[in-house]
There are 2 protein chains.
Amino acid sequence: MAATLHDVARVAGVSFKTVSNVINNHPHVRPVTRSKVEAAIAELGYRPNLAARSLRSGHTGAITLAVPQLKLPYFAELADAVIAAAEARGLVVLIEQTGGNRERELEVLSSPRLQMSDGLLFSPLGLGEEDAALVKSEVPMVLLGERIFSGDCDHVTMQNVAAARAATDHLLDLGRNRIAVVGAHDGEVIGSAGLRLRGYREALAARGIAYDDSIVAYMWSWHRSNGAAAMRELLARGVTFDAVFGMNDTLAQGAMRVLQQAGYRVPEDVAVIGFDDLDETRYSLPTLSTVDPGRVEIAETAIRVLLERIMHPDGSAPQEIETTFKVVARESTLGQATVPAHPPSGS
Amino acid sequence: MAATLHDVARVAGVSFKTVSNVINNHPHVRPVTRSKVEAAIAELGYRPNLAARSLRSGHTGAITLAVPQLKLPYFAELADAVIAAAEARGLVVLIEQTGGNRERELEVLSSPRLQMSDGLLFSPLGLGEEDAALVKSEVPMVLLGERIFSGDCDHVTMQNVAAARAATDHLLDLGRNRIAVVGAHDGEVIGSAGLRLRGYREALAARGIAYDDSIVAYMWSWHRSNGAAAMRELLARGVTFDAVFGMNDTLAQGAMRVLQQAGYRVPEDVAVIGFDDLDETRYSLPTLSTVDPGRVEIAETAIRVLLERIMHPDGSAPQEIETTFKVVARESTLGQATVPAHPPSGS
DNA sequence: CTCCTATATTACAACGTTGTATCAGGGATT
DNA sequence: AATCCCTGATACAACGTTGTAATATAGGAG
């Protein structure tokens with residue numbers, strides 16, 4: 001079927017090893033021979049067999065990305081960034097979905113399918129600190145995100161605390177000092193919610209503003225409707241606030257939505273900021289201010305670290321890398337481009 | 001490093017081929033031998049080398065999914081469904097992003113990386129009918145979505161016309177007969193927008209309602225903000241309508257948002273329906289009625305057809321398969337669970 | 001007790017590639 | 001002019017698996 005080195009060699013009139021040498025840019029090949037071989041390759045449309053190459057070399061040219069679900073916008077955008085970064089280095093990405101489920105996450109770690117790739121980018125959700133010892137894989141691995149800290153494994157993550165603090169500072173700088181929080185996790189310390197809440201509290205503390213638990217909404221799910229429900233609850237509670245910090249963009253959008261429906265103007269009455277810089281924040285009404293946690297940098301860094309680890313399996317000690325973040329100020333806090341609502345015109 | 005058949009054979013005290021026979025469930029293996037071998041496999045933690053297996057067998061156990069961008073929610077959810085369906089058959093999915101760009105799409109078709117998989121699920125966006133002849137790949141391929149019709153290649157798609165017609169019928173059944181459209185593509189015939197508009201027109205025609213171009217908003221981009229802008233434009237135009245059909249969910253949400261901001265109640269004043277059944281439609285305010293185009297079925301069918309094609313490369317003639325769809329009626333048309341807005345409580 | 005068949009195991013080759021070792025030729029050095 | 005070294009090409013083996021063909025063992029019939 002497909003042409004092999006031998007076929008090319010026959011056509012070019014050289015040994016099949018010479019063809020291999022041409023392909024791998026070995027030094028000692030005469031220009032004449034090289035062009036003869038190249039002509040034969042073109043003529044036959046020869047493509048090196050990747051399975052054979054991989055058997056011989058021990059490398060596949062692929063990496064695995066394991067995430068909870070692509071359905072969740074954050075992970076879809078993370079996967080997008082990872083694929084783009086991998087593509088830039090000539091790598092293919094193979095995706096596993098764990099559903100954020102502890103069992104499936106452990107299963108992925110020991111799956112024979114991991115062999116199809118040279119390494120694993122693993123974004124666990126169901127595993128807890130107590131599972132740290134189980135987080136071992138037969139291929140080099142880089143962890144993405146929070147939750148698992150101990151364990152001798154490279155780790156790339158966002159600066160949750162500092163970024164949340166910057167988001168809060170952004171609101172404080174605008175003169176808001178009653179900042180509600182939507183999406184806290186009760187009692188959590190090391191998860192995204194716990195860290196972000198900590199950043200929020202640090203920002204308040206730095207300006208001598210007391211933390212007020214009555215304007216913090218707790219919940220365990222981060223869907224848009226949860227943000228909406230939380231905001232309804234806050235409004236019903238009768239507490240006052242002039243800004244909202246959503247633990248992620250989806251929550252912020254749900255909250256913003258309810259605020260507007262209740263007659264508040266965003267940002268004039270209440271400023272809103274989210275977290276994640278999802279693509280959709282660029283298209284909401286008003287566009288949503290948020291924090292870009294450095295998703296692209298996470299992807300690129302993770303791949304760089306993974307490749308290093310693949311090339312030097314027992315090189316340096318495991319690294320702990322935090323990416324740079326950026327507050328992205330849009331209309332929901334700055335209010336630059338508010339679109340006037342047209343009056344109803346009958347139905 | 002990793003154990004091989006030979007290592008297992010040495011431990012079990014049999015020939016390495018016998019070990020292979022055990023693994024591949026060959027008939028003539030004595031139970032005693034089998035258990036000896038299995039013990040050795042367990043002891044060494046033996047895992048078959050996939051590269052070698054793939055070199056020998058010619059199969060990889062992976063398929064490639066090529067989509068424009070995972071950032072776009074529709075494709076993220078499609079990928080989610082494809083990965084789940086592949087997983088159920090023991091296949092791994094390898095994802096390529098084309099950016100919806102014609103050049104990149106052609107590049108993917110001839111990429112050597114395709115070799116890492118047994119087949120391709122291809123969802124083109126940039127390619128036009130005139131490129132049909134170029135749509136050939138070295139591995140079996142199944143096309144997903146519209147745009148390319150000719151070409152002798154299996155094709156799985158949704159029933160755009162019938163589904164759009166059903167969505168429109170749903171609105172008509174509710175007594176709405178001034179149904180605005182958001183997201184038409186001017187002059188398009190075979191794309192999603194063209195087909196869905198056709199379904200809309202068929203539904204009107206069937207009830208003897210005249211098509212009114214003044215309540216159809218044209219645009220080439222399908223972001224939320226486009227839906228919002230279109231709705232502002234419709235309102236400004238002063239035309240009347242009692243329902244909106246968004247060509248996709250994102251547009252519908254943008255439109256719904258502007259409607260509400262302008263003081264209309266959804267669905268009391270204006271009912272809204274979208275298309276795609278994105279996960280987020282379950283969490284919007286109100287939850288969005290939409291059409292489930294059978295994404296899960298598309299994924300499962302595409303994989304089934306692809307596997308058939310992989311096993312019998314020149315089997316039957318190329319198939320053209322359309323999945324079943326379902327109108328998903330939620331609050332934006334039925335209004336069952338409208339949440340009362342709480343009155344503002346100062347800031 | 002021998003022959004034959006069915007069963008169980010083995011030996012060998014092949015998939016297509018690349019690394020190592022080997023070998024032929026030509027120019028520079030002695 | 002003979003030796004040496006470097007260039008350029010080749011032969012061989014190996015990566016780990018599976019299919020095919022061959023062989024060894026056991027059980028039943030003649």
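Chain letters run A, B, ... following the sequence lines, proteins first, then strands; residues in each count from 1.
Under the 4.5 Å side-chain criterion, counting only non-hydrogen atoms from C-beta, B:L70 is not in contact with A:F75. In this structure the side chain of B:L134 never reaches within 4.5 angstrom of the side chain of B:L109, judged on heavy atoms. You'll find the side chain of A:K71 stays beyond 4.5 Å of the side chain of A:Q97, heavy atoms only. Side-chain contact check for A:I95 versus B:V93: every heavy-atom pair is 4.5 Å or farther apart. With a 4.5 Å cut-off on side-chain heavy atoms, B:R53 and B:N49 do not count as touching.
Scanning both residues, A:R113 and B:L50, for their nearest heavy atoms gives CA-CD1, 4.3 Å. Across every non-hydrogen atom of B:D118 and B:G58, the tightest pair is OD1-O, 4.3 Å.
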> What is the per-nucleotide protein-contact pattern of nucleotides 17-25 of chain C, from the 5' end, where B denotes a base atom under 4.0 Å from a protein heavy atom, S denotes such proximity for sugar-phosphate atoms only, and - denotes neither?
Replying inline: BBBB-----

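A heavy-atom distance below 4.0 Å to DNA chain D is reached by none of the residues of residues 30-41 of chain B.
For the pair A:H59 NE2 and C:dG16 P, the computed distance is 23 Å after rounding to whole Å. In this entry the distance linking CZ of B:R10 with C1' of C:dT10 reads 17 Å, nearest Å.
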> B:R304 and B:E308: salt bridge (charged side-chain N to carboxylate O under 4.0 Å, His left out), yes or no, with the steps?
Replying inline: CA-CA 6 Å; B:R304 181 174 53 71; B:E308 275 167 24; 3.4 Å; yes

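For the helix from C:dC1-D:dG30 to C:dT30-D:dA1, the terminal axes (five pairs an end, C1' atoms, rotation from four pairs onto the next four) enclose an angle of 60°, given to 10 degrees.
Side-chain atoms of A:S111 do not come within 3.5 Å of backbone N or O of A:E107 as any donor-acceptor pair.
Looking at A:T324 and A:E297, their side chains do bring a donor and an acceptor atom within 3.5 Å of each other.
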